[in-house]
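Below: one structure, written as structure tokens.
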There are 2 protein chains.
Amino acid sequence: MSPRISVDLSSAVPPYEQIRGQISSLIAIGVLAAGSRLPTVRSLAADLGIAAGTVARAYKELEQAGLIESRRRNGTIVVGHPAEPGSTAAAPGAEVIAAVDGLIRTARAAGVSDETIIDLLRGRLASKLEG
Amino acid sequence: MSPRISVDLSSAVPPYEQIRGQISSLIAIGVLAAGSRLPTVRSLAADLGIAAGTVARAYKELEQAGLIESRRRNGTIVVGHPAEPGSTAAAPGAEVIAAVDGLIRTARAAGVSDETIIDLLRGRLASKLEG
DNA sequence: ATCAATGTACTAAGTATTTGATACAAAGAT
DNA sequence: ATCTTTGTATCAAATACTTAGTACATTGAT
């Protein structure tokens with residue numbers, strides 16, 4: 001399976017970050033539902049042609065973020081939303097995806113570049129933490 | 001004035017990136033309107049306690065992004081939106097800010113972490129470019 | 001009890017990035 | 001014309017990051 005994960009070695013974003021971000025998005029979207037098994041670090045590393053330690057680092061950060069969970073021999077599985085342990089089938093992020101897409105549409109209509117959208121989001125997130 | 005720009009040297013984000021992102025956000029929000037004068041690279045560098053070249057790098061990238069413009073002796077000014085050269089007073093990003101804040105609210109209500117919000121936005125932006 | 005499969009920890013090396021200093025170029029003021 | 005102020009370019013050094021390999025720990029199966 002290893003659904004749609006790929007790395008671009010020529011990118012400025014390091015491979016472990018690409019892997020982490022892609023898996024994070026897939027989980028948030030619901031493509032990787034709670035309980036899904038992620039590929040083993042060795043198999044994913046082999047598929048991507050990189051070292052196992054690189055994949056392991058991505059998994060480690062995802063686990064620290066509470067998105068996945070490692071069972072030693074059983075591999076790595078996706079953790080469900082902390083608040084909703086029962087809901088298995090429903091994609092939890094449909095509303096969030098809609099909000100993201102709406103933001104992209106609004107921003108582009110206003111002539112705001114993609115980079116600036118991210119800058120803005122970062123800035124608002126930071127200020128919402130403080131205030 | 002140098003409105004509210006600060007750098008956190010202990011952050012993983014390099015100083016020039018912090019400066020670039022903050023100014024980018026301020027422009028998008030409308031705090032720095034078209035025609036506003038940015039502080040000189042030397043004065044801002046002195047305020048922040050860093051080298052002028054670091055600030056210059058941030059300015060350079062902002063100029064390449066089309067957000068600001070350098071006049072040699074006159075300093076650096078904020079460029080207006082490319083599509084709307086006439087509108088001076090109105091903050092062009094009000095709708096965009098609302099969309100950003102809405103996204104943050106929706107995502108947090110769904111239990112999505114701040115990091116994941118950014119990952120999601122990145123992923124959607126990338127896929128919207130391709131498809 | 002043993003084995004095999006999985007994630008983890010550690011480390012050394014290479015690579016890339018970032019910074020800060022200096023010197024340079026441009027442009028307006030005097 | 002000269003000077004001052006501003007941004008720009010260049011470059012070397014330091015710093016940090018990333019990677020890949022190796023060995024280890026854990027856990028379930030046989």
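Chain letters run A, B, ... following the sequence lines, proteins first and then strands; every chain starts at 1. Every heavy atom of this structure was used, including side-chain atoms; hydrogens, water molecules and symmetry mates were not. Note that the structure is predicted; figures quoted are calculated from it, not measured.
- Computed from coordinates, the Tyr16(A) OH to dT18(D) C1' distance equals 8 Å when rounded to whole Å.
- Contact annotation for Glu17(B): no contact, since no heavy-atom pair falls under 4.0 Å across all strands.
- A close approach under 4.0 Å does occur between a side-chain nitrogen or oxygen of Ser70(A) and OP1 or OP2 of dT8(C).
- Side-chain atoms of Arg71(A) stay outside donor-acceptor range of the base of dG7(C), with no qualifying N/O pair under 3.5 Å.
- Taking only side-chain atoms of Arg57(B), from C-beta outward, the nucleotide of dT18(C), dA20(D), dG28(D) with the closest atom is dT18(C).
- Atom P of nucleotide dG14(C) and atom CD1 of Ile50(A) are separated by 21 Å, given to the nearest angstrom.
- The CD-C1' distance, from Glu69(A) to dT8(C), rounds to 16 Å in whole Å.
- Closest to the side chain of Arg42(A), out of dG7(C), dG7(D), dT18(C), is dG7(C).
- Arg72(A) places its CZ atom 13 Å from the C1' atom of dG28(D), with the value rounded to the nearest Å.
- Comparing Thr40(B) and Pro14(A) by the nucleotide of DNA chain D whose heavy atom lies nearest to each, the residue mapping closer to the 5' end is Thr40(B).
- Residue contacts shown for Glu63(B) are limited to sugar-phosphate atoms, with no base heavy atom under 4.0 Å away.
- Between the side chain of Ser43(B) and the backbone N or O of Pro39(B), no donor-acceptor pair lies under 3.5 Å.
- When each of Gln22(A), Glu17(A), Gln18(A) is checked for a side-chain hydrogen bond (donor to acceptor under 3.5 Å, both in side chains) with Arg20(A), only Glu17(A) meets the rule.
- Counting only heavy atoms from C-beta outward, the side chains of Thr76(A) and Arg37(A) never approach each other to under 4.5 Å.
- Arg73(B) contributes no side-chain N or O that forms a donor-acceptor pair with the base of dA29(C) under 3.5 Å.
- For dG7(C), the OP1/OP2 oxygens have a side-chain nitrogen or oxygen of Thr76(A) closer than 4.0 Å.
- Atom pair Leu44(B):CG and dT19(C):P shows a separation of 13 Å (rounding to whole Å applied).
- Straight-line distance from the CG atom of Leu9(A) to the P atom of dG14(C): 19 Å, rounded to whole Å.
- In this structure, Tyr59(A) places its OH atom 16 Å from P of dA9(C), rounding to the nearest Å.
- If you measure from atom NZ of Lys60(B) to atom C1' of dA9(D), you get 8 Å, rounded to the nearest angstrom.
- In this structure, Glu63(A) does not pair ionically with Lys60(A), as no charged nitrogen and carboxylate oxygen lie closer than 4.0 Å.
- In this structure, the side chains of Ile77(B) and Ile68(B) stay at 4.5 Å or more apart for every pair of heavy atoms.
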